[in-house]
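All figures in this text were calculated on a predicted structure; none of them were measured in a lab.
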Amino acid sequence: MNRESRYYRKLDDGVVECQLCPHHCHIANGKTGRCRSRRNHDGVLVSEVYGKPCSLAIDPIEKKPLYHFHPGTTCLSIACTGCNFRCLNCQNHDISQVAPEDVDHYNLTPEQVVGLCLKYHCPGIAYTYTEPLTYIEYVTDCARLAHEKGLWNILVTAGYICQEPLADLLPYLDAANIDLKSFSDEIYQCVNGGRLSVVLDTIIAMKKAGVWIELTNLIIPGVNDDMEMIRRMCGWIVDNGLADNPLHFSRFFPRYKMQAVPPTPVQTLKEVKRIALDEGVKHVYLGNV
C-alpha cells in the first residue's frame with residue numbers, strides 16, 4: 001500500500017529531496033530518509049507505512065495528554081513506524097526508531113480506520129505514539145474522512161515540519177498536543193536532532209488555524225531543568241496568546257540512551273509549575289508523578 005509522497009522534488013542522478021520537514025533529506029535510489037519510512041523508489045519518493053499502522057488502541061483522551069478538549073471521552077489511537085527526531089530519551093523507540101519492515105503491522109485503509117472508530121463509538125482519532133507527521137499522507141487521508149463522519153482529529157507531535165505540508169493538514173485538525181522538548185536550540189540539536197524555531201513556528205501556525213493546543217514539556221535532570229530557561233519558555237507561551245492553553249510538565253524516567261539519568265525529582269516539577277503560574281500560564285499540570 002505504498003503511497004507517493006506529496007512533498008519532494010527530483011534532483012540529479014535519481015536522487016530526490018524530501019520536502020516534508022526541515023531536514024530536507026537527499027535520498028538516493030533505494031535508500032530512506034532520516035525518518036526511515038520514506039524511500040526513494042527509482043526516483044519516486046514513497047511512504048512505506050501508508051495504510052500500515054503498527055499500533056492501535058482505544059485510549060482516554062487525557063492520555064494524549066489533552067485535559068481541556070472533551071474530557072472524559074475516548075479516542076482511537078493509531079501509529080505507524082517512524083520519526084524525524086532522534087531523541088536520546090525516546091520512550092517509544094521500539095516503533096519510532098526502527099524501519100517499517102522490523103515491526104509487525106496491520107493493513108488498514110483510511111476508510112477502515114474511520115470504520116473502526118465508528119464501530120467502537122470513539123468520537124475521534126489520535127495520531128500518536130511515534131511522529132505522525134512522518135506519515136502525513138495517511139494522516140491527512142484518514143483525517144479528511146473522519147471529518148466527513150463528524151469525528152475529531154487529534155495530533156500528538158513534536159511539531160517538526162515545513163509550513164506547506166502543515167498548512168495542508170491543518171484544516172482537518174481539531175486538537176494537538178505538541179511536545180515542546182526544551183526552550184534551547186542547542187539542546188534541541190544535541191538531544192533531539194532538530195531546531196527549536198521550527199517547533200515554535202508549528203505552534204503559532206496551529207493556533208492561527210484554530211486548532212486546540214496543549215503543550216507538554218518533559219523535564220530531564222541536568223538537561224532541560226534550568227529554571228531561567230523554563231521561565232523564558234513560559235514567557236513565550238504567554239506572549240504568544242497561549243496563557244489559557246494547558247501546559248503539562250512530565251516527570252522523566254530513564255529510557256533508551258538515557259539510562260544513566262535519574263528520574264526527575266518531584267520537587268523540581270513543583271518548582272517549574274510555580275514558575276509557569278508566576279509567568280501567567282493559567283492551567284499547569286504535572287504528569288508521570
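Side-chain N or O atoms of Gln91 include none that pairs as donor or acceptor with a backbone N or O of Arg255 at under 3.5 Å. With Arg39 contributing its side chain and Gly30 its backbone, the two residues share a donor-acceptor pair below 3.5 Å. With hydrogens and angles disregarded, a donor-acceptor distance shorter than 3.5 Å links the side chain of Arg251 to the backbone of Thr264. For the pair Ser77 (side chain) and Ala126 (backbone), a donor-acceptor distance under 3.5 Å is absent. Judged by distance alone, the side chain of Asn217 and the main-chain N or O of Leu180 form a donor-acceptor pair under 3.5 Å. Remark: the backbone N or O of Tyr160 is paired with a side-chain donor or acceptor of Asn84 at under 3.5 angstrom. A donor-acceptor pair is defined here as one N or O able to donate and one able to accept, closer than 3.5 Å; no such pair exists between the side chain of Asn240 and the backbone of Ile204. Between the Asp141 side chain and the Pro110 main chain, no donor and acceptor come within less than 3.5 Å of each other. The closest donor-acceptor contact from the side chain of Glu48 to the backbone of Asn2 lies at 3.5 Å or more, if one exists at all. With hydrogens and angles ignored, the 3.5 Å screen pairs no side-chain donor or acceptor of Asn288 with any backbone N or O of Phe252.
Heavy atoms from other residues, nucleotides or ligands lying under 6.0 Å from CG of Asn107 number more than 12. Atom CD of Gln259 has more than 12 neighbouring heavy atoms from other residues, nucleotides or ligands inside a 6.0 Å radius. In this structure, Glu164 places its CD atom where only 12 or fewer heavy-atom neighbours from other residues, nucleotides or ligands lie under 6.0 Å away. Within 6.0 Å of CG on Asp13 lie no more than 12 heavy atoms contributed by other residues, nucleotides or ligands.
Linking Ile, Leu, Val, Met, Phe, Trp and Tyr residues whenever their side-chain heavy atoms come within less than 4.5 Å leaves Ile161 and Tyr8 in two separate clusters. At a threshold of 4.5 Å between side-chain heavy atoms, the hydrophobic network of Ile, Leu, Val, Met, Phe, Trp and Tyr places Ile136 and Ile154 in two separate groups. If you chain together hydrophobic residues whose side chains sit under 4.5 Å apart, Leu145 and Leu170 fall into the same group. Leu133 and Val46 are assigned to two separate hydrophobic clusters, defined by single-linkage of ILVMFWY side chains at heavy-atom distances under 4.5 Å. In this structure, Leu56 is a member of the same hydrophobic cluster as Leu151, with clusters built from ILVMFWY side-chain heavy atoms closer than 4.5 Å.
Glu137 has a carboxylate O that lies under 4.0 Å from a charged side-chain N of Arg38, or vice versa, which qualifies the two as a salt bridge.
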Give the C-alpha distance, both sets of side-chain angles, the deciding distance and a yes or no for side-chain contact (heavy atoms from CB on, under 4.5 Å) between Lys257 and His93.
-> CA-CA 10 Å; Lys257 297 180 180 181; His93 59 89; over 6 Å; no
request  = Quick one: do Thr268 and Met227 satisfy side-chain contact (heavy atoms from CB on, under 4.5 Å)? Show the steps, please.
outcome  = CA-CA 9 Å; Thr268 299; Met227 296 302 164; 3.8 Å; yes
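For residues 201-226, the set of pairs meeting the salt bridge (charged side-chain N to carboxylate O under 4.0 Å, His left out) definition, not counting sequence neighbours, is empty.
Asp42 is listed as a side-chain neighbour of Asn29, based on a closest heavy-atom distance under 4.5 Å. With contacts defined as side-chain heavy-atom distances shorter than 4.5 Å, the pair Arg195/Tyr188 does not qualify.
Side chain to side chain, Thr81 and Lys52 fail the donor-acceptor criterion of an N or O pair below 3.5 Å. Side chains of His147 and Asp174: a donor-acceptor N/O pair is present below 3.5 angstrom, by distance only. Side chain to side chain, Asn177 and Thr216 meet the donor-acceptor criterion of an N or O pair below 3.5 Å. In this model, a donor atom of one side chain and an acceptor atom of the other lie less than 3.5 Å apart for Asp168 and Tyr7.
Smallest separation of non-hydrogen atoms from Ile125 and Cys117: CG1-SG, 3.7 Å.
Between His68 and Trp212, the ring planes lie parallel to each other; the angle is under 30°, not in the 30° to 60° tilted range.
The distance from the CG atom of Asn224 to the CD1 atom of Ile187 is 6.0 Å, given to the nearest 0.5 Å. Between the CZ atom in Arg9 and the SG atom in Cys18 there is a gap of 11.5 Å [rounded to 0.5 Å].
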